[in-house]
Protein chains: 2
Amino acid sequence: MPKRISIVDVAREAGVAISSVSAALNGGPGVSEATRARVRETADRMGWVPSVRGRSLSSKRTRALGLVVQRQPGVLEADPFFAGFIGGVESVLESAGYALLLQIGRSAAAGADRLRRLALSGAVDGVFLTDVSVEDPRYALLDHLQLPAVAVNAPGSVWVSSVTQDHRSGLSALMEHLIALGHRDIAHVAGTPGLVHSEERESVWRCVLESHGLPLGPVITGDFTTEAGARAADALLGGSRVPTAVVCANDLMAIGFLSRAKALGVGVPDDVSVTGFDGVLLGAHVHPPLTTVMTLPGALGTRAAEVLLASVDGGPRVDETIAPAVVVDRASVAPPRVRMA
Amino acid sequence: MPKRISIVDVAREAGVAISSVSAALNGGPGVSEATRARVRETADRMGWVPSVRGRSLSSKRTRALGLVVQRQPGVLEADPFFAGFIGGVESVLESAGYALLLQIGRSAAAGADRLRRLALSGAVDGVFLTDVSVEDPRYALLDHLQLPAVAVNAPGSVWVSSVTQDHRSGLSALMEHLIALGHRDIAHVAGTPGLVHSEERESVWRCVLESHGLPLGPVITGDFTTEAGARAADALLGGSRVPTAVVCANDLMAIGFLSRAKALGVGVPDDVSVTGFDGVLLGAHVHPPLTTVMTLPGALGTRAAEVLLASVDGGPRVDETIAPAVVVDRASVAPPRVRMA
DNA sequence: CGATGAAACCGAAACGTTTCGGTAAGCGGA
DNA sequence: TCCGCTTACCGAAACGTTTCGGTTTCATCG
């Protein structure tokens, strides 16, 4: 009901042209300090807030960044990655006066389509690329559109920047730790196939085993949910040849594995060692407390936002790396029990 | 680099006026089926996506809804409420073609200010109100602005609608269950003071005890974090008079309590029963599995989005309720141990 | 004293869409 | 034949800002 006040109202009230109001409030040149102060005072007094609609149409800047999450709602709910990431992003956007436009596509195809519309409609000045898959089609789209973008935990492209937290060193340190304890039979519970971070973690597991001349234990393909972890426990613990250690691609699957192992009467870490990946808060509160690799989604979000903002302002593409993920040794890992042959 | 194509390009290509393109694509009247089809075909062929900037300026509709979260980043990361809620919201917005504008204010004051700017700048067509505190100043702002809004798990106002999942029945059922088992000494670990859901849960705890003529056990004030739960365990288990049951205002605090209790050598549920509230996925995987009240953030988000969308379309304010939260009885509750007087 | 130039300020176009008043064509009825 | 009504379509204003070219003012310098 209270009619919006616009820049023309402020201009009339202050007795200047609207272009002067604009210049005064945006710090532009061609305005004396006296008028600048007077305009500012008038605008404040009238409670004027520039219309983001008019502004974005005119200035080609929306002052919003886009994030299209393509995940099952269930994973989203349990996995704290996004909450942490978004928290980090927001801490930067807040001071920059930017907003975050969030969309959730339940499949990769739906996500790509939403991203396409988001970009083409000019709703955002740049986008974050998460859950990147190998041969992700979104790179081609963004390269073509030349829309500022930053890939998170995935390689960049000709046009797209990237911000990454190194997974490899932390995970290989964890593997080395297991091997140093005497484990020779190490299984892997993998994440959703096709995602770069799934593939990467599996590749680390494989490389470390090969570098020690150890046999590749069984691989169970999961989807990052606790249910997948439980199914993996069924598959791995019920067989004739039970591994002495199980390296899970994320904490949620490790926690699901832990629960099912307990239900099956298999002791952790006495009968089998289990490790996770992510470092979720609750991993410290399960039984036994989960040995894992601690990642920093918040720091990742912060840096990604800074990079993307710089890119929006015309900066060059960059490939950044934040502090690597480190092993957090809790109590779900122990030397293997000596067994009968 | 590939210059944006606009509605005038489509109009020229199809040989009609831009107003006809607009009418044709938006299903407006005054367009023959023949031209409508031709325009649609042309637009598709050219890959035209309407500019949300031009559209929102002209139509007074942004096709975006706002959510200002005012929480500490830490809580946000661990508490799956928002991920679930946002998932539910998005499932509705996706089909409606709306986007979600997310902002995080680290304090209530910062949140209120961000909401104010969000509303005044015309960036959104409506907003969700979460983490509402008693006497929340945002109601007055929205009432004054007449901006469509829906309060989540909090009462509405003259102008603001509300969508609520009943907490009281589930929590009082949980209390009755404890009392039926023989508990007489029931403590409460409360949430952040001032928030309506904190106050509400404490009030249920108080009412049920009073209705049974039982003494009010000690109340420890927390802040919904696991650390607060651990501190509560220190306070409650170290004292001379240890309660037989502890009702926590959320799962995170209950889980923190559980961990610390184990560290202190206090058995759950043998020495003390513990309950949570929320029904987070991981509550089933801690030891012992947590008895709690299961809420449905996703369903809440879905309904809230529907209500808000209806409100944006001029619908009347409503107060909705979704299916109540129900008790999930796992293993952290047992009859009290018989003690020496 | 007049020319020069910078600083301050103004006016209008441009951004891309929706919306509304207006016009031409077609058609049935008197 | 002419009037009036409907249908299809067009042109232009409006939304609120930024931006850019232009004009005035005034001090400076030759």
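Being a predicted model, the structure only gives us computed values, none of them experimental. Each chain gets a letter, A, B and so on, in the order its sequence line appears, and its residues count up from 1.
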Figure out the [atom1]/[atom2] separation between [X] and [N], and round it to whole Å.
X	N	atom1	atom2	result
Arg63(A)	dC15(C)	CZ	P	21 Å
Arg61(B)	dC15(D)	CZ	C1'	15 Å
Arg55(A)	dG16(C)	CZ	P	18 Å
Arg53(B)	dC15(C)	CZ	P	13 Å
Leu57(B)	dA14(D)	CG	P	13 Å
Asn26(B)	dT18(C)	CG	P	5 Å
Arg36(A)	dA8(C)	CZ	P	9 Å
Leu25(A)	dC9(C)	CG	C1'	16 Å

For this session: Check every atom of dT18(D), dG16(C), dA8(C) against the side chain of Ser51(B) and return the nucleotide holding the closest atom.
Result: dG16(C)
Exercise. Among the nucleotides dC9(D), dT19(C), dG16(C), which one has an atom lying closest to any side-chain atom of Ser6(B)?
Worked result: dG16(C)
For this session: Mind running side chain to side chain donor-acceptor pair (under 3.5 Å) on Asn153(B) and Thr164(B) for me, showing each step along the way?
Result: CA-CA 4 Å; Asn153(B) 275 344; Thr164(B) 306; 4.9 Å; no
Exercise. Around atom CZ of Arg117(B), are there more than 12 heavy atoms of other residues, nucleotides or ligands at under 6.0 Å?
Worked result: no
Problem set entry | Quiz item: Ser58(B) side-chain donor-acceptor pair to dT17(C) base, under 3.5 Å | yes
Exercise. Just to confirm, is there a sub-4.0 Å distance from OP1 or OP2 of dC9(D) to any side-chain nitrogen or oxygen of Thr35(B)?
Worked result: yes
Exercise. Taking only N and O in the side chain of Lys60(A), is any of them less than 4.0 Å away from OP1 or OP2 of dG16(C)?
Worked result: yes
Exercise. Do His144(A) and Tyr139(A) make the cut of ring centroids closer than 6.0 angstrom?
Worked result: no
Exercise. For the residue pair His197(B) and Phe81(B), is the inter-centroid distance of their aromatic rings smaller than 6.0 Å?
Worked result: no
Exercise. Under the side chain to side chain donor-acceptor pair (under 3.5 Å) criterion, do Ser56(A) and Arg61(A) qualify, and how do the steps go?
Worked result: CA-CA 5 Å; Ser56(A) 70; Arg61(A) 285 291 172 80; over 6 Å; no
Exercise. Among Thr42(A), Val10(A), Thr35(A), Val31(A), which one satisfies side-chain contact (heavy atoms from CB on, under 4.5 Å) with Val21(A)?
Worked result: Val10(A)
Each nucleotide N or O in nucleotides 10-12 of chain C that has a protein N or O under 3.5 Å away: list the pair and distance.
unit_1	atom_1	unit_2	atom_2	d
dC10(C)	OP2	Ala17(A)	N	2.7
dC10(C)	OP2	Ser20(A)	OG	3.0
dG11(C)	O6	Ser19(A)	OG	2.9

Exercise. In terms of the nearest nucleotide of DNA chain D, which residue is placed more toward the 5' end: Glu33(B) or Ser59(B)?
Worked result: Glu33(B)
Problem set entry | Ion pair check, Arg71(B) and Asp131(B), cut-off under 4.0 Å | yes
